[in-house]
Structures are given as structure tokens and as C-alpha cells.
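One structure is given here, and the rest of the page talks about it.
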Amino acid sequence: MLSLLYQEGPSTEGIFRRSGSAKTCKELKEKLDSGTEVDLACESIFVTASLFKDFLRNIPGSILSSQLCDKWVSVMDQGNNEEKIKSIQRLIEQLPRANVVLLRYLFGVLHGIEMRSEENQMNAFNLAICIAPSLLWPPVSTSPDIESEFTKKISSLVQFLTENCCRIFGEEITSLFGEV
């Protein structure tokens with residue numbers, strides 16, 4: 001999925017914003033969940049993006065770990081960018097290895113899309129609005145007002161992560177997929 005998003009996402013206007021066909025997504029999710037081999041290259045890239053966001057939303061406790069939710073939310077309240085980056089790196093070190101690997105590839109994809117935002121209309125802010133709700137959620141349900149404020153903070157964090165991913169994850173993030 002990520003490889004396809006890396007290849008096609010940068011040249012696709014509205015990637016992650018537009019949804020794939022709900023019926024197709026449901027059918028493909030059932031096939032993937034049952035272990036059936038699926039050729040996503042034959043599907044709309046919007047279906048792949050929708051399936052990937054659904055995958056992220058179904059990671060138990062979220063990819064950024066709901067247990068660290070308060071710490072993630074407070075990162076953007078810290079001083080300068082260097083302090084934010086160091087805090088983010090410390091939080092990443094507390095995540096399971098599988099989550100860190102997936103995050104690196106995800107932000108490699110987001111970086112590639114952002115680099116061509118003039119073409120695809122998906123700058124770091126727009127990507128964050130679309131992706132943030134799939135990356136972290138509070139460990140307990142909250143009121144709509146608190147949830148709205150939470151979503152804004154997480155979107156701001158994801159925008160910062162996207163804009164600074166090379167400094168946070170390392171420059172090699174731009175070549176994780178090799179020459180595609």
C-alpha cells in the first residue's frame with residue numbers, strides 16, 4: 001500500500017482527501033483480512049489511500065500510542081522547533097519498533113506528497129487534516145468540544161512532523177522506497 005501511495009500519491013490531486021468507493025473498500029478489506037491476495041495496483045489510488053487510513057485507525061491504541069497521548073498533545077506547546085524535535089524523538093523512542101518503522105515509511109510517503117503539493121494540492125497542513133485522526137486518539141472518549149480541540153492539536157503535530165520529517169527520522173527517509 002505504502003509503495004503505491006509513494007509512487008502515485010505525489011501526482012494525485014487530493015490524495016488522502018478524496019475517499020475511495022465504499023463498496024470497493026469494504027470488499028478489499030474483507031479480502032485482505034481473510035488473507036486473500038489482492039492486487040491494489042488495479043484499484044484506484046483513492047481506494048488504497050482509504051484502506052491505508054482504515055488500517056491506521058485499526059491499530060490497537062493507535063500508531064502513536066494512546067498511552068502517550070497527553071505527551072504528544074503537549075509537544076506543540078513547547079519552545080522552539082529544536083525543542084519540539086527533541087521531544088518528538090524521545091516520544092518515538094518509547095514506541096514499539098513496528099510502529100516506528102511504519103511511521104518512518106508513512107512520513108516518507110507524506111514528505112514525497114508534500115514536495116509536489118503545487119501539483120496535488122496536498123501541502124503539510126492538508127495532509128495533516130486528512131491523516132491526523134488516523135494516527136492518534138484519546139484513550140477515553142470525550143465531549144465533542146474537547147475532541148475538536150484535540151483534533152486541531154494532533155493535526156498541528158502531524159503537520160510539524162511532515163514538515164520536519166527529515167530532521168526527525170533522518171535524511172534517509174527520502175529514499176526508503178529506493179528508486180521507484
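Count residues from 1 along the sequence. It should be emphasised that the depicted structure is a prediction, and the values quoted were computed from it without experimental measurement.
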As a quick check of understanding, evaluate side chain to side chain contact (heavy atoms under 4.5 Å, CB included) for Asn80 and Glu83, giving each step before the final call. CA-CA 5 Å; Asn80 63 31; Glu83 291 170 35; 3.4 Å; yes
Check whether the side chains of Gln78 and Ser87 place a donor and an acceptor atom closer than 3.5 Å, and report yes or no. yes
At what distance, to the nearest 0.5 angstrom, does CG of Leu106 lie from CG of Leu5? 9.0 Å
Quick check for you: to the nearest 0.5 Å, what is the distance between Leu127 atom CG and Ser155 atom OG? 11.0 Å
Please give the remaining members of the hydrophobic cluster of Ile129, linking ILVMFWY side chains under 4.5 Å, ordered by chain and number. Phe125
Nearest 0.5 Å please: distance from the CG atom of Leu110 over to the CG atom of Leu161. 9.5 Å
Ser3 side chain to Gln7 side chain, donor-acceptor N/O pair below 3.5 angstrom: yes
Side-chain ion pair, Glu37 and Lys31, N-O less than 4.0 Å: no
So does Gln121 get a backbone contact from the side chain of Asn126, meaning a donor-acceptor N/O pair under 3.5 Å? yes
Are the side chains of Leu102 and Phe55 in touch, meaning some heavy atoms are under 4.5 Å apart? yes
May I ask you to decide whether Lys26 forms a salt bridge with Glu30, counting only side-chain N to carboxylate O separations under 4.0 Å? yes
Between Glu93 and Arg90, does at least one N-O distance fall below 4.0 Å, as a salt bridge requires? no
Quick one: does NZ or CZ of Arg18 land under 6.0 Å from the six-membered ring centre of Phe46, within 45 degrees of the ring axis? yes
Within a reach of under 6.0 Å around CG of Asp33, are more than 12 heavy atoms found that belong to other residues, nucleotides or ligands? yes
Closest non-hydrogen atoms of Ile63 and Leu95, given as atom of the first, atom of the second and distance, are O-CD2, 3.8 Å
Check the angle between the aromatic planes of Phe16 and Phe52 and answer parallel, tilted or perpendicular using the 30° and 60° thresholds. tilted
